[in-house]
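Everything on this sheet refers to the single structure shown next.
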Amino acid sequence: MIWFLLFLLVASTGYGAQIVHHDIEARIDPPQHSIAVTDVITIHIDAQQGKFDSFGFFLNRNLKLITVSSLDTPLHLEVEEEGEERSEEARYYRLVPREPIPPGLDRLRVRLVYRGMIYNPLRPPASDYAQSFAQTTGLIDARGTYLSGSTFWVPQRPGDLVTFTLRTLLPPGYTSVSQGKRTREEIKEGMVQTEWSCPFPQEEIFLIAGRYVVTKERYGDIDIMTFLYRPDPQIIATYVPATRRYLDLYTRLIGPYPYQKFALVENFWQTGFGMPSFTLLGDQVIRLPFIVHTSYGHEILHNWWGNSVYVDWEKGNWSEGLTTYGADYLYKERQGPEAAREYRRGLLRDYLNYVHQGKDFPLTAFRSRYSFASRAVGYGKAAMVFHMLRRLVGEEAFWASLQRFYRDFRFRVASWDDLFSSFSTVSGKDLRAFQRQWIDQAGAPFISLDTVRLRGKQKPYRLEVVIRQSPPYTVQVPVHIVTEEGTLIQEVVLRDSRNRFQFSLDQKPLRVQVDPDFAVFRRLHRAEIPPTLSQTLGAESVLIVVPTQGDPALLRAYQALVTQWEKRRKHRVIKENEFTPALAAHSSVWLLGQVEVRGFGRRMLQEQVILSPDALGIGGAMYDLRRHSFVLTVSHPQDPELTVNWLLTRDPRMVETMARKIVHYGKYSYLVFAGDRVIDKGVWPVLSSPMQREVSWE
């Protein structure tokens with residue numbers, strides 16, 4: 001993160017001093033992209049830590065520093081600007097006192113006056129990663145204002161936690177949002193004047209502004225607020241009750257909500273950001289029907305993890321995995337065991353499909369997601385680690401440990417070490433080996449069911465099971481023994497490459513299953529999961545086969561798609577009449593349109609769908625090829641680690657739409673479109689698993 005990169009620079013200046021409070025007045029002119037700020041910063045001086053001979057901070061390079069003056073003392077300060085480039089967005093300034101600091105002075109207030117324009121236009125995400133948003137380091141625009149820590153719109157020092165008051169002055173019709181509590185809003189001297197107060201230490205200060213219609217409801221001692229571009233009773237009726245439910249849920253599981261408000265804030269570009277005490281959702285995102293049941297709760301939970309207990313970035317980001325587990329996964333668990341099982345399988349599938357050799361890393365190295373692979377590790381693996389930890393220490397100790405962690409580190413910076421210390425203290429278990437294995441090192445074991453042997457066909461039945469793993473981990477694995485009377489679940493611990501277990505049973509064993517519910521973080525067998533689009537999206541080599549005959553408009557659309565894909569990633573592209581199976585031997589394949597490549601992959605496709613000249617049948621439903629479009633994926637006939645994919649449509653306008661939406665549907669084997677809507681989706685069934693074996697009674 002940028003804070004970590006800049007930390008070493010400021011660490012040597014103002015040793016023993018830090019900014020602890022901002023008192024800000026910001027006058028914003030949205031159409032002119034301009035801001036004028038008066039900021040009184042309070043600097044805490046720890047005389048025992050070192051001599052205060054200078055004090056460094058960063059400020060946006062487009063903001064001109066007008067005056068700097070010391071309050072409370074007649075101390076004269078000079079401002080030195082570093083000539084060397086330190087940050088793309090900010091200049092580095094050093095305040096140098098020209099006379100000694102008065103004895104006993106432990107706080108120094110400095111007033112800074114500065115102004116300028118901030119307008120870093122939105123730019124598209126750097127990749128086609130599914131959850132990427134358009135990006136800006138900060139902008140002031142007639143449509144809205146977005147200023148964050150990466151804007152450097154207030155003097156900042158990496159690592160300083162600050163409280164603040166913020167008074168904004170905006171033209172009529174605009175209002176502002178920030179952390180903490182709104183203490184005042186009035187129209188005065190032709191300007192909308194709003195005051196925000198945050199008495200809790202923060203990593204950065206946000207300033208969001210727009211033409212908002214504001215609602216507020218008191219819920220206990222919390223203000224639930226909405227900031228929408230237009231009155232929308234349906235949004236309010238949907239999100240406000242959901243806010244109450246999520247606040248109740250996490251207060252019960254973790255501890256009291258840390259802030260005085262929670263606000264739903266609409267944004268003019270598509271985002272899904274969670275800030276302390278509010279979330280910023282794009283004007284389209286906010287109206288997606290599933291968001292309130294998924295991402296919204298995730299962002300609310302971030303107020304406990306990441307936005308009040310802060311991440312020690314140098315030692316790894318634990319917050320995203322813990323929030324994913326406590327939100328996205330927990331919601332599936334509350335739906336039922338099968339939904340939870342499928343979610344865990346999906347996490348393991350993404351790790352298998354996206355995290356290839358050279359893309360893996362330990363959780364201590366995770367900072368933020370920037371690709372499918374980084375998400376599969378930082379979110380997915382971390383969530384699975386918390387699931388294994390919960391199974392290891394038990395339900396009561398798991399939640400009690402998180403409650404202790406929250407109590408001890410609220411509004412403080414915490415690391416993986418601090419988190420595991422809480423778990424060890426509460427559970428009474430030594431978790432150092434678990435932490436080293438799952439947090440400090442990369443990778444996952446590949447676990448295989450090697451042997452199932454019955455020794456004796458009389459009661460008690462003696463069943464021998466051999467389980468292999470590579471590389472060897474110390475890992476607790478559930479073994480399900482299906483008998484005539486039900487299923488017995490045995491927890492075994494693997495430690496070696498080959499692990500032999502014997503079970504004495506009073507019930508006749510019929511089948512053995514190793515981790516059938518995907519409770520262990522491991523590298524899956526390909527046969528445990530169906531081929532899905534994520535397998536294609538994660539493929540390291542892709543061959544695209546384009547048609548040579550057909551509707552000219554459709555051919556042009558396919559060529560435009562190939563050109564677009566080529567900009568993001570290098571693919572091999574050939575024409576239909578150039579194809580041979582040898583060319584596809586080591587690549588996943590995209591077949592654009594109804595190309596005929598001498599039946600390549602068609603047999604495997606016909607196992608799943610019904611093909612005819614004008615219709616396609618999936619799962620018992622028939623779809624007219626003239627009115628529907630399709631994306632289909634099956635296993636590669638030469639290599640199950642690869643896939644063959646079809647993009648089928650007769651509408652040239654659908655080609656770009658389908659390609660754009662694919663990244664959002666990676667967990668599916670097929671998609672059916674009617675116009676630009678996905679009307680059907682699903683995965684092919686898994687018919688057998690190498691992690692289960694019948695018990696032979698011959």
Exercise for review: Report the relative orientation of the aromatic rings in Trp416 and Phe386; use parallel for angles under 30°, tilted for 30 to 60°, perpendicular for over 60°.
Suggested key: parallel
Review point. Out of curiosity, Asp312 CG to Asp417 CG, how far, rounded to the nearest 0.5 Å?
Key: 8.5 Å
Point to revise | Arg660 CZ: over 12 foreign heavy atoms closer than 6.0 Å | key: yes
Exercise for review: Assess whether atom CZ of Arg572 is packed by more than 12 heavy atoms of other residues, nucleotides or ligands within 6.0 Å.
Suggested key: yes
Check your understanding: With a 6.0 Å cut-off on ring centres, are Phe423 and Phe398 close enough?
Key -> yes
Point to revise | Aromatic plane relationship, Tyr473 with Trp438 - under 30° parallel, 30 to 60° tilted, over 60° perpendicular | key: tilted
Point to revise | Check against ring pair (Phe, Tyr, Trp, His ring centres under 6.0 Å), Phe420 and Trp318 | key: CA-CA 11 Å; Phe420 271 88; Trp318 50 266; over 10 Å; no
Practice item. Only counting residues at least two apart or in another chain, list the ones meeting ring-ring contact (aromatic ring centres under 6.0 Å, His included) with His387. Key: Tyr325, Tyr329
Check your understanding: Is the number of heavy atoms from other residues, nucleotides or ligands under 6.0 Å of Lys315 NZ greater than 12?
Key -> no
Check your understanding: Are His636 and Phe600 close enough that their ring centres sit under 6.0 Å apart?
Key -> yes
Review point. To the nearest 0.5 Å, what is the distance between OG (Ser669) and CG (Asn645)?
Key: 10.0 Å
Practice item. Please work out which of the three classes, parallel, tilted or perpendicular, describes the rings of Tyr331 and Tyr250, given edges at 30° and 60°. Key: tilted
Review point. Does NZ or CZ of Lys681 fall inside the cone over Tyr668's six-membered ring, less than 6.0 Å from its centre and within 45° of the axis?
Key: yes
Practice item. State, without any angle test, whether Tyr379 and Asp328 hold a side-chain donor-acceptor pair at a distance under 3.5 Å. Key: no
Exercise for review: With salt bridge (Lys or Arg N to Asp or Glu O under 4.0 Å) as the test, would you mind laying out the steps for Lys459 and Asp506 before giving the verdict?
Suggested key: CA-CA 6 Å; Lys459 288 186 180 181; Asp506 291 329; over 6 Å; no
Review point. Nearest 0.5 Å, what's the CD-CZ distance between Glu491 and Arg391?
Key: 4.0 Å
Review point. In Å, rounded to the nearest 0.5 Å, how long is the span from CG of Asp515 to CZ of Arg345?
Key: 12.0 Å
Practice item. Answer with yes or no whether the side chains of Thr536 and Thr643 bring together a donor and an acceptor at under 3.5 Å. Key: yes
Point to revise | Neighbour count >12 (heavy atoms, 6.0 Å) for atom NE2, His356 | key: yes
Exercise for review: Report the distance from atom NE2 of His586 to atom CD of Glu641, rounding to the nearest 0.5 Å.
Suggested key: 13.5 Å
**Study point:** Pairwise distance CE(Met604) to OG(Ser635) - rounded to 0.5 angstrom
**Key:** 4.5 Å
Review point. Between Asp248 and Thr251, is any side-chain donor less than 3.5 angstrom from a side-chain acceptor?
Key: no
Exercise for review: Consider only side-chain N and O atoms of Ser308 and Tyr406, and report whether a donor and an acceptor are under 3.5 Å apart.
Suggested key: no
